[in-house]
There are 2 protein chains.
Amino acid sequence: MGDYPSPDMADVELVDVLKALGDPVRLRIVDKLADGEPKPKTLDGWGLDLTKSTMSHHFRTLREAGLTRTIVHGRTHAIQLRRDELDQKFPGLIEAVLGER
Amino acid sequence: MGDYPSPDMADVELVDVLKALGDPVRLRIVDKLADGEPKPKTLDGWGLDLTKSTMSHHFRTLREAGLTRTIVHGRTHAIQLRRDELDQKFPGLIEAVLGER
DNA sequence: GCGATAGTTCGATGGCTGTCGAACCATTCG
DNA sequence: CGAATGGTTCGACAGCCATCGAACTATCGC
């Protein structure tokens with residue numbers, strides 16, 4: 001049973017969010033998720049040259065930190081930024097982090 | 001020759017700022033610096049039960065990440081958030097991080 | 001059912017990092 | 001000068017973490 005629980009936003013701590021964002025790979029991933037739409041994990045456009053297992057590790061870290069949710073769809077997974085909830089809990093944070101582009 | 005160089009804000013990378021903030025001790029320190037005033041490193045009010053050397057390590061990390069500057073004043077040091085520069089380079093970030101209090 | 005595909009998990013490895021105590025450095029004050 | 005004070009630096013240590021390859025799980029399509 002593939003089960004990919006995201007924490008309740010009430011339990012999400014700012015410091016853990018910041019720690020998750022304080023890695024170049026994960027910051028990049030979050031950046032690609034900026035528009036709020038779910039993106040397949042297989043996306044070529046991550047622009048990252050990493051193994052499947054390493055990507056999986058980062059996806060998990062983001063999810064457990066409360067930044068993303070995983071949407072299972074058959075044998076493929078999509079990942080989505082929890083934009084609304086994050087904006088409510090940490091106003092301005094996501095926007096600031098996605099800043100310049 | 002006590003020299004405590006802060007990096008040029010132009011060279012400061014967002015991911016390094018986030019990494020520096022992604023630690024409970026340093027997030028706390030930054031929080032205490034919120035008002036922009038220099039605070040003595042000896043401040044009792046940090047609320048942290050750590051050794052001198054450990055505090056020194058965190059102060060250095062914050063400075064090298066571009067978050068703070070050190071002001072030497074005789075044999076005492078003060079630390080100050082680089083609020084204006086940070087606001088200009090990463091609009092909204094500091095405010096979002098200082099959020100709830 | 002069987003092969004292929006999407007993804008996770010596990011174990012190993014090397015590097016980074018938070019913490020401490022002790023030694024050291026610089027400045028002030030008597 | 002000499003002692004006390006504020007801080008840094010160094011070495012050691014333990015725990016964490018990014019990365020990889022290999023093994024495993026589950027689903028789709030023939």
Side-chain angles (χ1 to χ4, degrees), chain A residues 1-7 13 15-33 38-80, chain B residues 1-7 13 15-33 38-80:
Chain A
M1 20 187 63
D3 214 15
Y4 303 95
S6 308
E13 304 248 22
V15 69
D16 295 320
V17 170
L18 293 171
K19 188 182 302 189
L21 292 172
D23 173 276
V25 171
R26 290 192 292 265
L27 189 54
R28 180 95 175 235
I29 293 172
V30 169
D31 218 73
K32 298 288 187 189
L33 299 175
K39 302 274 189 295
K41 291 183 176 174
T42 49
L43 186 62
D44 292 334
W46 297 123
L48 300 164
D49 193 20
L50 294 171
T51 320
K52 283 197 303 177
S53 54
T54 300
M55 290 302 289
S56 186
H57 158 69
H58 287 299
F59 290 143
R60 186 217 282 249
T61 302
L62 286 171
R63 175 171 47 80
E64 290 181 346
L67 276 159
T68 61
R69 71 172 60 88
T70 297
I71 300 167
V72 179
H73 209 252
R75 78 183 144 176
T76 72
H77 298 186
I79 184 177
Q80 183 178 30
Chain B
M1 31 219 28
D3 217 12
Y4 303 94
S6 308
E13 305 249 22
V15 68
D16 295 320
V17 170
L18 293 172
K19 188 183 302 190
L21 292 172
D23 173 276
V25 171
R26 290 191 293 265
L27 189 54
R28 180 96 176 232
I29 293 172
V30 169
D31 217 74
K32 298 288 186 188
L33 300 176
K39 301 276 191 294
K41 291 185 177 173
T42 49
L43 187 61
D44 292 333
W46 297 121
L48 300 163
D49 195 19
L50 294 171
T51 319
K52 284 196 303 178
S53 53
T54 300
M55 291 301 290
S56 187
H57 159 68
H58 287 299
F59 289 143
R60 186 218 284 250
T61 302
L62 286 171
R63 174 171 48 81
E64 289 180 346
L67 276 159
T68 61
R69 72 172 60 87
T70 297
I71 302 167
V72 179
H73 208 252
R75 78 183 143 177
T76 72
H77 297 186
I79 183 176
Q80 182 178 29

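Keep in mind that what you see is a predicted model, and the values were worked out from it rather than measured. Chain identifiers are assigned alphabetically (A, B, ...) following the order of the sequence lines, protein sequences preceding nucleic acid strands; residue numbering begins at 1 within each chain.
Proximity of a side-chain donor or acceptor of A:W46 to a complementary backbone N or O of A:K41 within less than 3.5 Å is detected.
B:H77 comes within 4.0 angstrom of the backbone, heavy atoms only, and of no base.
Between B:R75 and A:K52, the one whose closest nucleotide on DNA chain D sits nearer the 5' end is B:R75.
If you check C:dT19, D:dT5, D:dG21 against the side chain of B:T54, the one that comes closest is C:dT19. Which of C:dT17, C:dG21, D:dA18 sits closest to the side chain of A:H58 comes down to D:dA18. Between C:dC20, C:dG7, D:dG21, one nucleotide has an atom nearer to the side chain of A:T42 than all others, and that is C:dG7. Side chain of B:L50, nearest nucleotide from C:dC20, C:dT28, C:dG18: C:dC20. When distances are taken from the side chain of A:H57 to each of D:dA18, D:dA4, D:dG7, the shortest belongs to D:dA18.
Whole-Å rounding puts the A:L27 CG to D:dA18 C1' distance at 16 Å. For B:K19 and D:dC17, the NZ to P distance is 12 Å, given to the nearest whole Å. One can place CD of A:E64 at 11 Å from P of D:dC17, the figure rounded to the nearest angstrom. In this structure, the CD1 atom of A:I79 is 9 Å from the P atom of C:dT8, given to the nearest Å. Summarising the geometry, the separation between CH2 on B:W46 and P on D:dG7 is reported as 11 Å, rounded to the nearest angstrom. Put simply, CZ on B:F59 is 12 Å from P on C:dT19, counting in whole angstrom units. If you measure from atom CG of A:L62 to atom C1' of D:dA18, you get 13 Å, rounded to the nearest angstrom. A straight line from CG of A:D16 to P of D:dC16 spans 14 Å, rounded to a whole angstrom.
Rounding to the nearest 0.5 Å places NZ of B:K39 at 9.0 Å from CD of B:Q80. In this structure, B:L18 CG and B:L67 CG are separated by 9.0 Å, a value rounded to the nearest 0.5 Å. Of the inter-residue distances, the one linking B:M55 atom CE with B:T42 atom OG1 reads 10.0 Å to the nearest 0.5 angstrom. For the atom pair NE2 (B:H57) and OG1 (B:T51), the distance works out to 11.5 Å, reported to the nearest 0.5 Å.
For C:dG7, neither phosphate oxygen OP1 nor OP2 lies less than 4.0 angstrom from any side-chain nitrogen or oxygen of A:R60.
Interface remark: the A:S53 side chain does form a donor-acceptor pair with the D:dG21 base, using a distance-only criterion of under 3.5 Å.
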